[in-house]
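This chain uses plain numbering: 1 for the first residue, then up along the sequence.
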Amino acid sequence: NTIEILPCVDLALIKTLNASTPGPFSNNSQVIYDITVYNQSPDIDMYNVTVSDYFPECLVLNDAAWTEATAPTMTTNGEATINSPIAFIPANGFQTVTIEFTISNACMSSPIINDAEITGYDDDNDPMTPPAPDEDSTPDDDSGNPSETGTDNNYNDDNPNMPGTE
């Protein structure tokens, strides 16, 4: 009998307001978010981690490091993708990227809900081999879905060296 041991890949994302733009906010205000991607894998480094941001019509992308793939409408979020993936996140490590928006002059709604997710990664730096699956999430499954504010910033995990609880 042969058994196969698969690598344990575990990535998480936390999105917070950047300290340089704490609010209060109004129309035409600048808003910067920090997006921190955690590699909760105990012994596997991550490469080329891509991140997408899903933003409502009230936010206007104002960041050259991101590309707007889809413009927001009154009924669907827009999508922006980071231009340069996060090149390397060591096991038990993290990297933070920022994304900047301006609150639209026409924005009349509150609160403004802005989500992000990990949309891809590589666990061996070889683009010819598929990455091992993430143990507790599915990358790139948020596009077109309603906001998942209940699961954004949720990084419960099994690794005692990383934030979160078991």
Side-chain angles (χ1 to χ4, degrees), residues 9-41 44-74 76-107 109-128 130-131 134 137-149 151-155 162-164:
V9 171
D10 191 7
L11 295 170
L13 176 148
I14 294 179
K15 185 172 186 181
T16 57
L17 277 173
N18 183 284
S20 69
T21 59
F25 300 104
S26 60
N27 297 71
N28 297 315
S29 291
Q30 175 189 39
V31 181
I32 300 174
Y33 292 98
D34 290 331
I35 300 172
T36 303
V37 178
Y38 293 89
N39 179 2
Q40 298 173 313
S41 306
I44 300 172
D45 297 333
M46 291 295 136
Y47 304 89
N48 301 314
V49 178
T50 55
V51 177
S52 290
D53 190 276
Y54 304 100
F55 59 98
E57 190 176 36
C58 278
L59 294 178
V60 177
L61 182 65
N62 188 23
D63 195 318
W66 293 74
T67 297
E68 184 174 290
T70 307
T73 67
M74 287 180 62
T76 60
N77 283 338
E79 180 178 351
T81 303
I82 195 165
N83 295 333
S84 297
I86 300 169
F88 177 73
I89 307 174
N92 292 314
F94 66 91
Q95 292 289 332
T96 300
V97 296
T98 61
I99 187 167
E100 181 178 335
F101 294 95
T102 301
I103 298 176
S104 166
N105 191 40
C107 183
S109 65
S110 182
I112 297 172
I113 298 173
N114 177 230
D115 296 322
E117 75 168 336
I118 298 162
T119 50
Y121 61 90
D122 191 354
D123 63 345
D124 62 4
N125 208 20
D126 180 354
M128 301 307 292
D134 189 310
S137 63
T138 304
D140 200 22
D141 71 341
D142 200 21
S143 181
N145 290 336
S147 173
E148 295 180 9
T149 56
T151 58
D152 263 14
N153 299 339
N154 181 357
Y155 51 83
M162 295 300 291

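Judged by distance alone, the side chain of T102 and the main-chain N or O of Q30 form no donor-acceptor pair under 3.5 Å. Between the N83 side chain and the A64 main chain, a donor and an acceptor come within less than 3.5 Å of each other. Side chain of W66 to main chain of T98: a donor-acceptor pair is present (N/O by atom type, distance under 3.5 Å, no hydrogens or angles).
Contact detail for S52 and T119: the closest heavy-atom pair is OG-CG2, 3.1 Å. Scanning all heavy atoms of the two residues, the minimum distance from Y47 to N125 falls at CD1-N, 3.5 Å. The two atoms that bring T50 and P85 nearest to each other are CG2-CG, 3.6 Å, heavy atoms only. Contact detail for S104 and E57: the closest heavy-atom pair is CB-O, 4.2 Å. Closest approach of I112 and C107 over heavy atoms only: CD1-SG, 4.0 Å. Between L59 and P72 the shortest heavy-atom distance is O-CG, 4.4 Å.
Looking only at side-chain heavy atoms (C-beta outward), Y121 and I89 stay at 4.5 Å or farther from each other. No side-chain heavy atom of M46 sits less than 4.5 Å from a side-chain heavy atom of I86. Looking at heavy atoms from C-beta onward, N77 lies out of side-chain contact with E79 at the 4.5 angstrom threshold.
Evaluated for a side chain to side chain contact (heavy atoms under 4.5 Å, CB included) with D34, the options I14, T96, L17 yield exactly one hit, T96.
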Carefully, step by step, assess K15 and N114 under the rule side-chain contact (heavy atoms from CB on, under 4.5 Å).
-> CA-CA 9 Å; K15 185 172 186 181; N114 177 230; 2.3 Å; yes
Determine, step by step, whether I99 and L61 satisfy the side-chain contact (heavy atoms from CB on, under 4.5 Å) criterion, reporting the C-alpha distance in whole Å, the side-chain angles of both residues, the deciding distance to 0.1 Å, and the verdict.
-> CA-CA 8 Å; I99 187 167; L61 182 65; 3.8 Å; yes
Taking it one step at a time, do E100 and N62 satisfy side-chain contact (heavy atoms from CB on, under 4.5 Å)?
-> CA-CA 5 Å; E100 181 178 335; N62 188 23; 3.4 Å; yes
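Between I44 atom CD1 and N92 atom CG the span is 11.0 Å, to the nearest 0.5 Å. Taking OG1 of T70 as the reference point, atom OH of Y54 lies at 9.0 Å (rounded to 0.5 Å). Atom CD1 in I82 sits 11.5 Å away from atom CD1 in I118 (nearest 0.5 Å).
Inspection of the N39 and D45 side chains reveals no N or O donor paired with an N or O acceptor under 3.5 Å.
Relative orientation of the Y33 and F101 rings is perpendicular, given thresholds of 30° and 60° on the angle between their planes.
Shown here are the side chain to side chain donor-acceptor pair (under 3.5 Å) partners of N105, two or more places apart in sequence or in another chain: N28.
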